[in-house]
Amino acid sequence: MEDAEAVNLAADWSDISQGLRKDLGHQLHSQWIKPIQLGALSRDTGTLDLYLPTEFSANWVRDRFHDRLQLAWSIARSEVRKVNIMVHPGRRQLPDLRLDDGRRAANDGASAIAMAAGALGDATFTSSVGLDPSLTFAAFVTGEANILACNAAQRMAALEQPQFSPLYLKAATGQGKTHLLHAIGHGYLHAHPRARIFYCSAERFMVEFVQALKSSQTIEFKARLRSFDLLLVDDIQFIIGKASAQEELLYTIDALLAEGKRLVFAADRAPQALDGVEPRLLSRLSMGLVADIQPADIELRKKILVSKLARFAPLSVPEDVVDFLARTITRNVRELVGGLNKLIAYAQLTGQDVSLQLAEEQLTDILSANRRRITIDEIQRTVCQFYRIDRAEMSSKRRARAVVRPRQVAMYLSKVLTPRSYPEIGRKFGGRDHSTVIHAVRLIEDLRQRDADMDGDVRSLLRQLES
C-alpha cells in the first residue's frame, strides 16, 4: 500500500471510528472497534482487509458489526465494495508460554490455563463485552410481573456479594430477561469499574467452543472464560444436546463459583424443563435463585408505553391510543414497544397526528397476531363467577343493586374488550336498548375514577380475561 493511500485510509478510518463511537458508546467501541487495524485495499476486487488480534474478537465483530462497517466504508470511499474482517497475521496461535526458568509450559492442565489467562492480559477482554448501553436498570420498567426478577438482578450487580449465585432468569420471549442481563452487566461495572464482564448467548458459547476445539485453542477458551468476574449467558435453552459444550459450561460454573464470582443465566423455561441437559448441569443452574418474569399485565404495559413516550417529547400521543395498544398488544413487551415505535415513525414521516384510527390502520399485522377473541359470553361468565351471581342475571329484568352493578361492569368490559357495537352488546344482555349500554359504560368509567374498590374489581377482571 502506497504511503499516500495509507494516509488517506487512516484518515477515513479515523472518521468512521469516531462515528461508530458515537453510535455504539465508549465501552463497545473501546472493546471491539478500537483494536481494529487497517490492512490492504485491493483495487481489483474493492476488498479492504480489517484485522483483529484474536479469532474470537474477529468472529464477534464480523457477526455484529460487519454490515455497519461495510456501509460506513462504502460511503467514505466508493472504491471499497467489500470489507473482510480477519485475524491479524501471525496471531492465530497461542502465545509461546514459558515458565520463569525458561521451560515451556504444558499444553494442558490448570497451570497452562492460568498462564494463558495471564498472557492474554487485558489486550482484548478488559471490560464489558457486547452490552447494549440502552439496556440499564434505569430504563427497566417494573410491575408485579417482574419486580422479583428486577430486585434479584440488582442484588447480583451490587457492590456487596449476593446471597445467591447463580441467578437464573426465566421468562417467555420478549418479556425483559435479556434487558436485565445487560442491566446487571452495566450495574456491576459501575460498582466494580475494573471488573471483567462477559456476555454471550448459549449458541455463541457453543460456536466459540467448537471453533476453539477445531483450532486447538481450548486452553485459551477456558482461560478467557474463567478469568471473568461476571459471566452472563442468555438463551441457555439452546445448549440442549451439546454434550461437550455442556461439560465445559459445567466446569466453568464450578470454577467461577469456587472463586466467589458471579453468574447469571437466562432462558425461556425453568431449569427442570430443559430437555437434553445432563443432571449435573441442571443442578448447577438451579442451585442459586430461579426468578420468574411473568407476562406483563395491562397496567405494566401502560407504564412501559408511557416511559418510552418520554423519548419522543414533545410529540403528543393521546391517552386512548396508549390504552388501546396496552389492551391489544399482549403477547410480549418487545412487540408492544415495536408497535409504538412503528406508529410514531409512520406519523412523523407522513406528518399525521397519532390517533386511534391511525393505530388501527397501521398496526393491523401486530394487532391481529395479538388479539385473542374475547367473547361477550366469556365476559358474562367471568363477571358472574367473580360476583357470585347466576348467569341468568345478565339478561334478567331485576333491578337489585347486587345484580345491576355486575351487569353494568359486564357491559363496560364488553365494550372495552370486544369490537361489538352498543346495540349488539345490548342484545346480548336481554335485548336492552343501546342507550342502556352507553349509560353503563359511562357509569363504570366514572366509578373507576372515584371508587378504588370498583377500580380494583375491574382491574382484576381484566387480568383474568386477558391472561
Is the closest side-chain donor-acceptor distance between [X] and [Y] under 3.5 Å?
X: Asp234; Y: Ser201; answer: no
X: Asp132; Y: Ser134; answer: yes
X: Tyr387; Y: Asp457; answer: yes

Could you state the interatomic distance from CZ (Arg226) to CZ (Arg196), rounded to the nearest 0.5 Å? 14.5 Å
Looking at OG1 of Thr136 and CG of Leu131, how far apart are the two atoms once the value is rounded to the nearest 0.5 Å?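 Here the interatomic distance stands at 11.5 Å.
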Test of ring centre spacing under 6.0 Å for Tyr199 and His182: yes
Compare every heavy atom of Val354 with every heavy atom of Ala347, then report the nearest pair and how far apart it is. CB-CG2, 3.7 Å
Shortest non-hydrogen separation from Tyr168 to Pro271 and the atoms involved: CE2-CD, 3.4 Å
Evaluation steps, salt bridge (charged side-chain N to carboxylate O under 4.0 Å, His left out), between Asp229 and Arg262: CA-CA 6 Å; Asp229 302 297; Arg262 307 184 195 193; over 6 Å; no
Passes side-chain contact (heavy atoms from CB on, under 4.5 Å), Leu48 versus Trp73? Steps please. CA-CA 9 Å; Leu48 174 66; Trp73 272 106; 3.5 Å; yes
Using a 6.0 Å distance limit plus a 45 degree cone around the ring axis, check whether Arg62 lies over the aromatic ring of Trp60.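 Cation-pi check for Arg62 and Trp60: fails.
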When you measure from the side chain of Arg155 to the backbone N and O of Asn151, does any donor-acceptor pair fall under 3.5 Å?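 Such a contact is absent between Arg155 side chain and Asn151 backbone.
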Is a side-chain donor or acceptor of Lys342 paired with a backbone partner of Gln362 at a separation under 3.5 angstrom?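 Yes; judged by distance alone, with no hydrogens or angles, the pair exists.
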Flag if over 12 foreign heavy atoms under 6.0 Å of [atom1], [X]:
X: Gln161; atom1: CD; value: yes
X: Glu144; atom1: CD; value: no
X: His66; atom1: NE2; value: yes
X: Gln449; atom1: CD; value: no
X: Arg420; atom1: CZ; value: no

salt_bridge(Asp292, Lys177) N-O dist < 4.0 Å: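 No.
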